[in-house]
Amino acid sequence: MTIIKNTSWNALHTITITFGRFTISALLARKLGPEFFGVFIFLQWIVDLVFMVYSVGLTGISTRFFPELKINSKKFRSFYSWFFRLCITSTILTTFFSIIFNISLKSQNHISIIYITIYASSVAINTLLSSYAQGVFNFKTIAKSSIIYSSLSIMMIILIYDKLNLNLSFFVLSLANVFSILFFVKSLKIKLPAQPIDLSINESRKISEYGINVWITTLLNYLVWARGEIPVIKAYLNHYDLGIYTACLILIGIANQCIGLATGALWPHIAKAWDHGELEKLSNFNDALTRLLILTSSLLSGAIICFGSSALTLIFGKSYHFSGEVLALLAIGTLGLSCGCANAIAQISTNSKFGRNLSIIGGILLYALLILLTPTQGLLGAALSRVIVLIATGIITIITTTYIFKKHHAQSKKMSVYYYISSVLSCCVLAGAILATTNITTIGKTLYFLPYVFSIFLFYFFTSKDGLLSDIKVILDKNI
C-alpha cells in the first residue's frame, strides 16, 4: 500500500478516535463534574503510566522491525513469537501493578478491583495489537477497530448516563476495548506464539538497543508530553483544578490530532526510506511537510486562542467557564507538535537516542518549571511550563534534523526554523492581545484573528522558495 493510502486510513483512525475520546470526555466531564472528572483522569493516567513502564518499548519495536523483517518469512515468524510472548508478560504486569496502585489510593478515589482489572488488561492488549497492525501496514484494521471502540463507548455512556459514576465509566471503556480486541484478533489472525525464537546476536542486540531507547523515550514522552502536569497539579492543587486543566488539554488535543493526521502513518515509510538510503527524497519531503505542519498548527492555535473559551463552556458545561486564559496559553504549545516528521527522522537515524535524550532534557525542564510556577501561579503556571518546553523542543528537533541530513550529504533548508520561530512569536502576540482585552466580543476577536492569519501566510511565502502549491506537490509526488 502507498503512503497516501496508509495515511488516509490512519487519518480516518485519528479522526474517529479523536472524536470518540472527545465525546466520551465531554459526557463524563458534564456528568461527573470537575472534581470527580479529575479523579477519573488521574486513575486513567496511572493505568497508562503503568502500561508504559511494563510495555518495555514493544509498541515502538513493532512499528520499527516488523516492516524490516517482513521480507524474510523465517525471521518474521521468529520475531512474531518473541514479540507476542513479551506482550503477554506486559499485559499481566500492567494489570497487577494497576490494581496495586488503585488499592493504595484513598478509599473515596479508587474503583472496584474488578473494573480496574478489566480496564488495565484491555488497554494493554488493545494498544499492543494496534502497534502490531501498524508494523505490518494494516492501517485499515486500526481504523475499523477505532470505529468499534468509539461508537460502543458513546452509545453505552448515553444509555446509562443517569446512573453513570466512576466505576461504570471504567466498565464502559473496558467493554468497548474488549470488542475492539476481538476485532483485531479476527482481522489480523492473531495466533499464540509457537515458532522458536531464532534471531542472530547482532539482530537481537539491535532490537534490544532500540527497544530500551524507545522504552525510555516512550515513558519519558508520557511523563513529559502526555499530561505530565497531572501529578504536580494533584500534589499542589486539587482534583477540581485537575478536571479543569484536563478539559483544556482535551480541547487542545483536537488540534494536536489534526496535526497528527499528516504524520501518524509515516514511521514505517520513513524507516524504509532511511534504510534504503533515499535521503535526498526524504529531505525534500521533510522540508515541505514541516512547513505545512507549521502553517496548519499556527492557524489552529490562533483559532483556539480567539474562540476556544466559548467552545469550552459549550462542550463541557458552565463549571469550566473560567479557564479561557489557561486554554489560550496551552494553544501556543500546539506549534511544538509541527515537527512530527522531523522527529521521526531524528528518531530512526539515531536508533531512538534522539527522542530519549530530548525527553530527558524536556522532562527535567518541565518539572523544574512546574515545581517553580504551579504553587505560585496555579494552572496558568502549569500551562506556561508546558508551552515553554514544547516550543523549545520543537526548535531543537527541526535544527537537529537539518544537521542530520547535512551529515549524510543530503540538502536540507533551514527556512523551516525561521518560519517556526516567526509563527511562535505571532501566536504569542495574539494571545497577549486577547488576554489583555477585557470583555472582548466575538467580532473583536475576529478582528484580531484575521491579521494574524495574514501574517502566518506572509511568513510562509517568505520562507518557502516555491510556495504552498509546490510543497503540496512534493508531498503528494514523493512516494517514500
Side-chain angles (χ1 to χ4, degrees), residues 15 18-19 22-23 25-27 29-30 34 241 243-261 291-338 377-384 386-388 390-391 419-464 467-468:
I15 292 170
T18 300
F19 172 79
F22 180 76
T23 305
S25 297
L27 290 170
R30 278 182 170 271
D241 287 329
I244 294 291
Y245 190 83
T246 303
C248 294
L249 283 180
I250 290 169
L251 195 58
I252 294 296
I254 296 178
N256 295 345
Q257 290 294 348
C258 289
I259 298 168
L261 290 176
R291 281 193 296 271
L292 280 174
L293 289 175
I294 295 171
L295 173 66
T296 304
S297 60
S298 298
L299 297 177
L300 288 171
S301 297
I304 293 173
I305 290 170
C306 292
F307 312 109
S309 58
S310 300
L312 198 68
T313 305
L314 178 66
I315 295 166
F316 293 97
K318 294 181 180 179
S319 302
Y320 301 85
H321 176 67
F322 300 102
S323 49
E325 293 180 349
V326 176
L327 184 66
L329 266 180
L330 289 172
I332 300 173
T334 300
L335 277 158
L337 302 177
S338 59
Q377 303 300 319
L379 294 182
L380 285 176
L384 182 60
R386 167 174 280 266
V387 169
I388 291 172
L390 283 174
I391 297 303
Y419 184 42
Y420 179 82
I421 294 173
S422 61
S423 297
V424 170
L425 293 175
S426 297
C427 202
C428 290
V429 170
L430 177 65
I434 293 292
L435 296 179
T437 308
T438 56
N439 300 322
I440 186 170
T441 63
T442 303
I443 295 175
K445 292 178 180 179
T446 304
L447 292 177
Y448 278 122
F449 183 62
L450 292 177
Y452 168 78
V453 172
F454 176 78
S455 69
I456 294 301
F457 276 100
L458 189 64
F459 289 141
Y460 187 96
F461 288 106
F462 276 143
T463 54
S464 176
L468 179 61

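Note that the coordinates shown come from a computational prediction; the quantities given were computed from them, not determined experimentally.
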- Validation row: Leu327, Leu251 side chains within 4.5 angstrom (heavy atoms): yes
- Message: I need the minimum non-hydrogen distance between Ala328 and Ile305, along with the two atoms involved.
- Response: O-CG1, 3.7 Å
- Distance, nearest 0.5 Å, that separates OG of Ser338 from CD1 of Ile294: 4.5 Å
- Which residues satisfy the side-chain contact (heavy atoms from CB on, under 4.5 Å) test with Ser301, sequence neighbours excluded? Thr334, Leu335, Cys427
- Item | CZ/Phe22: more than 12 non-hydrogen atoms of other groups inside 6.0 Å | yes
- Scan residues 293-314 for pairs that pass ring pair (Phe, Tyr, Trp, His ring centres under 6.0 Å), counting only residues two or more places apart or in two chains. Phe307-Phe449
- Item | Derivation of the side chain to side chain contact (heavy atoms under 4.5 Å, CB included) call for Tyr419 and Leu295 | CA-CA 9 Å; Tyr419 184 42; Leu295 173 66; 3.4 Å; yes
- Message: Please give me the minimum heavy-atom distance between Tyr420 and Gly336, naming the atom from each residue.
- Response: OH-CA, 3.4 Å
- Message: Applying side-chain contact (heavy atoms from CB on, under 4.5 Å), can you list everything that pairs with Val387, at least two apart in sequence or on another chain?
- Response: Ile332, Ile391
- Rounded to the nearest 0.5 Å, how far does CG of Leu299 lie from CD1 of Ile456? 7.0 Å
- Taking side chain as C-beta onward, heavy atoms only, is Leu337 less than 4.5 Å from Ser297? no
- Message: Just verifying a value: how many Å separate Tyr460 OH and Ser298 OG, rounded to the nearest 0.5 Å?
- Response: 11.5 Å
- Message: Set out, in order, the CA-CA distance, both residues' side-chain angles and the distance that settles side chain to side chain contact (heavy atoms under 4.5 Å, CB included) for Ile250 and Phe316, then state yes or no.
- Response: CA-CA 10 Å; Ile250 290 169; Phe316 293 97; 3.9 Å; yes
- Note on the structure: Between Arg386 and Leu330 the two heavy atoms that sit nearest each other are CD-CD2, 3.6 Å
- Query: Of all residues at least two apart in sequence or in a different chain, which pass the side-chain contact (heavy atoms from CB on, under 4.5 Å) check with Leu425?
  - Reply: Ile421
- Smallest separation among heavy atoms of Ala247 and Leu312, with atom names: O-CD1, 3.7 Å
- Atom pair CG/OG of Leu314 and Ser310 - distance to nearest 0.5 Å: 8.5 Å
- What residues form a side-chain contact (heavy atoms from CB on, under 4.5 Å) with Leu300, not counting sequence neighbours? Ala255, Cys258, Ile259, Thr296
- Message: Suppose the criterion is side chain to side chain donor-acceptor pair (under 3.5 Å): which pairs have a residue in residues 440-458, not counting sequence neighbours?
- Response: Thr437-Tyr448
- Message: Quick test of your reading: applying side chain to side chain donor-acceptor pair (under 3.5 Å), list the pairs with at least one residue in residues 245-255, sequence neighbours left out, ordered by first then second residue.
- Response: Glu229-Tyr245
- Closest non-hydrogen atom pair between Leu380 and Glu325, with its separation: CD1-OE1, 3.6 Å
